[in-house]
2 protein chains.
Amino acid sequence: MNDNKQSREIDTERRILEASAKVFMMKGKLGASMQDIADEAGINRTLLHYYFRNKDKLFDTVFEKVFARLIPAMVSIMTSDQPFQERLEQFVEAYSDMLLENPYLPVFVFQEISLNPHRIAETLKEQGFSPKKTFKKFRSELEEAGMDDMDPRHLFASLLGMVIFPYIGRPLFQTIAFQDDAKAYDAFLDERKKQIPQLLKLAFIGASVQKQ
Amino acid sequence: MNDNKQSREIDTERRILEASAKVFMMKGKLGASMQDIADEAGINRTLLHYYFRNKDKLFDTVFEKVFARLIPAMVSIMTSDQPFQERLEQFVEAYSDMLLENPYLPVFVFQEISLNPHRIAETLKEQGFSPKKTFKKFRSELEEAGMDDMDPRHLFASLLGMVIFPYIGRPLFQTIAFQDDAKAYDAFLDERKKQIPQLLKLAFIGASVQKQ
DNA sequence: GTCTATATGGCGATAGAC
DNA sequence: GTCTATCGCCATATAGAC
């Protein structure tokens, strides 16, 4: 009987969450007003409070969902049993695709966790990311590849930096290196899916040569 | 006669600018209140308005100064006439040192330019950064090194990403890879000054091998 | 130049009708 | 569940005394 109400309810909540994610990502937690979010969702401002009590709770809910998008690719790079270099490629591919669809995500997430560093620890555990195993496996694989002296954490940091930074630094890069040509920059972002693994591949070749 | 007043004046303005930079970087433009800044500077809140009229103007002044710190190392990598790989090393070194002293700078700057992408264009020109020449020179040097197929802009993006990202992602990395051990992470950041050029060096070796 | 006191506006939050 | 009306706070900004 109240199918209508229920479905409207679910729909409203979903619309709030989508609108919130969009507005929070584009304007930041403090820059976004409840009115902005209500407008984006096409609903009355009071409804936000009805569904999520207050701005903080709404933000927390949204942030957890958004932050979670960063994890799957990170988990996959350790659990998969494929050869090391293939996994690296897949990692870059998976991350790039996610970021191409969520270009505002990195700035938003890293801004928030730098203001509030502690909130991530629990979320990471909930998502089942166990770093110790990852880096141990990483290390033995690097040794097999002849890169004994490459700390796996450095490789991981470099990898993430190469993949994510072009999104964070887009306004800067696009201005200085692409004369503000957005389409050219989009193409550039897509190219990186091949360029990054290529750079790493060359490094592995270099390492194996130097080893001899 | 009014030496006292003048020097107090200069001192006050300098203290405001230093306090503003610190507070803005740690709390963000919107998170920082004029009262926060006044407290940090040890002065009355009204003085901020006396010297800089309003919060926006104060922020703009501070941002320009802070953003400018990103430029010199970028300029040096193109103007210097030393061998290519040495310049890469110096670039990493210079940037890392600057970031070790300004760890909050990247999040702050990239947050702001992503909210307000246009403000950087003029500043860049004022600082005398001419990207076209840079990348042209870059390209010919990459060819000499046997990396014909490496777009210089990709190399530049990778380089900046590897250097800067560990600062932006510190809360994340430090949690997942260093069990929140801040000292260990500081050491890690310092190590990157050697690790990043080493990775690139291996890639160059790999490229020259593959070329044959 | 520096302070105290005050005006102004915006935003989050809630009460209450429907 | 959804809307209208309203309350109260806090931060920016300014007026005016010293």
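First the proteins, then the strands, lettered A, B, ... as listed; each starts at 1. The figures here come from the full heavy-atom set of this structure, side chains too, leaving out hydrogens, waters and symmetry mates.
Residue A:H49 has its side chain nearest to C:dT14 when only C:dT14, D:dG1, D:dT14 are considered. Side chain of B:M34, nearest nucleotide from C:dT2, D:dC3, D:dT12: D:dT12. For A:K55, counting side-chain heavy atoms from C-beta on, the closest listed nucleotide (D:dG1, C:dA13, C:dG1) is C:dA13. Between D:dA5, D:dA15, D:dT2, one nucleotide has an atom nearer to the side chain of B:T46 than all others, and that is D:dA15.
Residue B:T12 places at least one side-chain N or O closer than 4.0 Å to OP1 or OP2 of C:dT2. In this structure, B:Y51 reaches the C:dT2 phosphate: one of its side-chain N or O atoms is under 4.0 Å from OP1 or OP2.
Nucleic acid contact class of B:N54 (heavy atoms, under 4.0 Å, all strands): sugar-phosphate only. Counting any heavy atom pair closer than 4.0 Å across all strands shown, B:A38 reaches no nucleic acid atom.
The 12-atom threshold is not exceeded at CZ of A:R53, counting heavy atoms of other residues, nucleotides or ligands nearer than 6.0 Å. Crowding of B:K137 atom NZ: a count of heavy atoms from other residues, nucleotides or ligands under 6.0 Å exceeding 12.
Not a single donor-acceptor pair, N or O on each side, falls under 3.5 Å between the base of D:dT12 and the side chain of B:S33.
Here the rule is ring pair (Phe, Tyr, Trp, His ring centres under 6.0 Å) with A:F59, and of A:F52, A:F67, A:F108 only A:F108 fits it. B:E141 pairs in a side chain to side chain contact (heavy atoms under 4.5 Å, CB included) with only one of the listed residues (B:R87, B:M147, B:Q85), which is B:R87.
Nucleotide D:dT2 holds its P atom 12 Å from the CZ atom of A:F52, rounded to whole Å.
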